[in-house]
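Okay, structure first, notes after.
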Amino acid sequence: MTGLTVRAPAKVNLHLGVGAPRDDGFHPLVTVYQAVGLYDDLTAREADDWQVGATVSDWIDPAVVPLDGDNIVDRAADLLAAHHGIERSGELHIAKEIPVSGGMAGGSADAAAALVALDRLWGAGTSDEDLLALAARLGSDVPFALLGGTALGTGRGELVAPVADRGTWWWVVVPSAVGLSTPEVYRHFDKMFPDAPSAPVPADALLEAIASGDPWALADALHNDLEAPAIDLRPELGRLIETGEAAGALRGMVTGSGPTCVFLCGSADHARSLAAEMSGAGNAVVLAANGPVAGAHLVSYA
Ligand code: ATP
């Protein structure tokens with residue numbers, strides 16, 4: 001085998017309960033992730049040295065994807081190589097469709113894809129348990145990007161447990177031209193909510209809504225504690241959500257730390273017509289995606 005392509009999905013947080021910062025500085029989370037059909041594809045090929053390249057969808061600024069040691073796939077490769085006591089090698093190419101600094105965990109998706117792809121390329125045979133542990137060291141959202149589907153995340157988000165989800169949920173996704181830094185949004189949360197309880201809001205209502213399979217019940221139960229700080233930093237997001245709801249979304253919200261906004265729809269047709277209406281209303285980029293979808297997985301041999 002000389003190469004392979006692994007596909008990894010973006011996530012939306014259907015529920016994101018955030019508690020007061022822990023002693024280690026991380027915020028405790030109770031979150032329900034859903035992997036949605038917006039993907040980065042990572043191709044890894046055998047090579048004597050190490051190289052990382054990227055191409056991006058035409059609406060993504062290529063300058064915001066680092067290609068030097070700051071790319072998270074570099075750290076993923078280092079961790080996996082160190083775990084097996086081998087030298088890293090390979091030519092990696094990221095084809096990016098997930099917004100950067102958009103609150104959809106695009107970097108985490110690439111990190112998960114790199115772990116899966118390099119494990120195969122190097123014939124390392126890493127156990128699932130070890131892959132999840134390495135993923136957790138790379139970032140709070142990386143274990144979920146491996147798992148995919150719909151899952152409950154606790155700890156700082158890295159402790160993931162699959163949630164039975166028989167529904168197909170339809171989303172219209174509206175990224176912003178300029179990203180928001182996740183640490184900045186958390187700092188703003190701390191400023192706005194200095195008395196946040198140490199235990200995050202539980203996800204019971206959301207989990208019941210998922211079990212019901214009813215999009216209206218899900219619309220009612222969606223919850224994001226980072227929405228208020230994201231909107232305070234970017235008031236136009238509040239207006240975007242109002243516009244989407246006025247155009248017929250069952251519910252609009254900021255996903256994760258934003259600034260991407262997602263709009264829940266009742267069906268694929270509803271998502272297509274809402275996307276068309278929101279594009280017509282002057283939003284430069286409007287996408288439609290369904291969830292849940294699989295986590296990082298092999299799609300082809302390159
Ligand atoms: P999250 O939802 O997990 O907070 P995000 O989607 O808001 O993440 P990302 O796109 O995952 O944000 O990461 C943004 C930051 O990470 C940027 O500063 C970017 O330069 C850096 N970065 C490093 N590697 C990558 C990568 N492979 N893809 C995107 N951003 C990357």
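Counting starts at 1 for both ligands and their atoms, following the listed order. In this chain, numbering begins with 1 at the start of the sequence shown.
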I'd like to know if [X] contacts ligand 1, where contact means a heavy-atom distance under 4.0 Å to any ligand atom.
{"X": "G256", "result": "no"}
{"X": "V65", "result": "no"}
{"X": "D141", "result": "yes"}

Show the atoms of ligand 1 that are less than 4.0 angstrom away from any heavy atom in [X].
{"X": "K11", "value": "2 (O)"}
{"X": "G106", "value": "6 (O), 11 (O)"}
{"X": "K96", "value": "28 (N), 29 (C)"}
{"X": "G102", "value": "5 (P), 6 (O), 7 (O)"}

Practice problem: State whether the side chain of Y39 and the backbone N or O of A109 hold a donor-acceptor pair below 3.5 Å, judged by distance alone. | Solution: no
Indicate yes or no: at least one non-hydrogen side-chain atom of [X] is less than 4.5 angstrom from one of [Y].
{"X": "T150", "Y": "Y33", "result": "no"}
{"X": "I210", "Y": "L218", "result": "yes"}
{"X": "F144", "Y": "S108", "result": "no"}
{"X": "T5", "Y": "L42", "result": "no"}
{"X": "V174", "Y": "M278", "result": "yes"}

To check your reading of the model: name the closest protein heavy atom to [atom], its residue, and the distance in Å.
{"atom": "atom 31 (C) of ligand 1", "answer": "P66 CD, 4.0 Å"}
{"atom": "atom 26 (C) of ligand 1", "answer": "D110 OD2, 3.5 Å"}
{"atom": "atom 5 (P) of ligand 1", "answer": "G103 N, 3.5 Å"}
{"atom": "atom 11 (O) of ligand 1", "answer": "G107 N, 2.7 Å"}
{"atom": "atom 4 (O) of ligand 1", "answer": "T182 OG1, 2.6 Å"}
{"atom": "atom 30 (N) of ligand 1", "answer": "V100 CG1, 3.9 Å"}
{"atom": "atom 23 (C) of ligand 1", "answer": "D70 O, 3.5 Å"}
{"atom": "atom 6 (O) of ligand 1", "answer": "A105 N, 2.9 Å"}

Restricting to heavy atoms, the pick from S101, S181, A76 nearest atom 15 (C) of ligand 1 would be S101
Judged by heavy atoms only, the candidate from N13, V12, V64 nearest atom 19 (C) of ligand 1 is V64
Quick look: I72 vs ligand 1, heavy-atom contacts under 4.0 Å, and the answer is both
At under 4.0 Å between heavy atoms, what of N71 touches ligand 1? The answer is both
Charged N-O contact under 4.0 Å between [X] and [Y]:
{"X": "D110", "Y": "K96", "result": "yes"}
{"X": "R75", "Y": "D78", "result": "no"}
{"X": "R156", "Y": "D24", "result": "no"}

Open item on the list: Checking side-chain polar atoms at under 3.5 Å, does H93 have a donor or acceptor matched by the opposite partner on T55?
Closed with: yes
Q) So is there a nitrogen or oxygen of M104 less than 3.5 Å from a nitrogen or oxygen in ligand 1? A) yes
Which of N290, D165, T255 passes side chain to side chain donor-acceptor pair (under 3.5 Å) with Q34? Answer is D165
Item to complete: Fit a plane to each ring of F189 and H27, take the angle between them on a 0 to 90° scale, and name the class: parallel (under 30°), tilted (30 to 60°) or perpendicular (over 60°).
Response: perpendicular
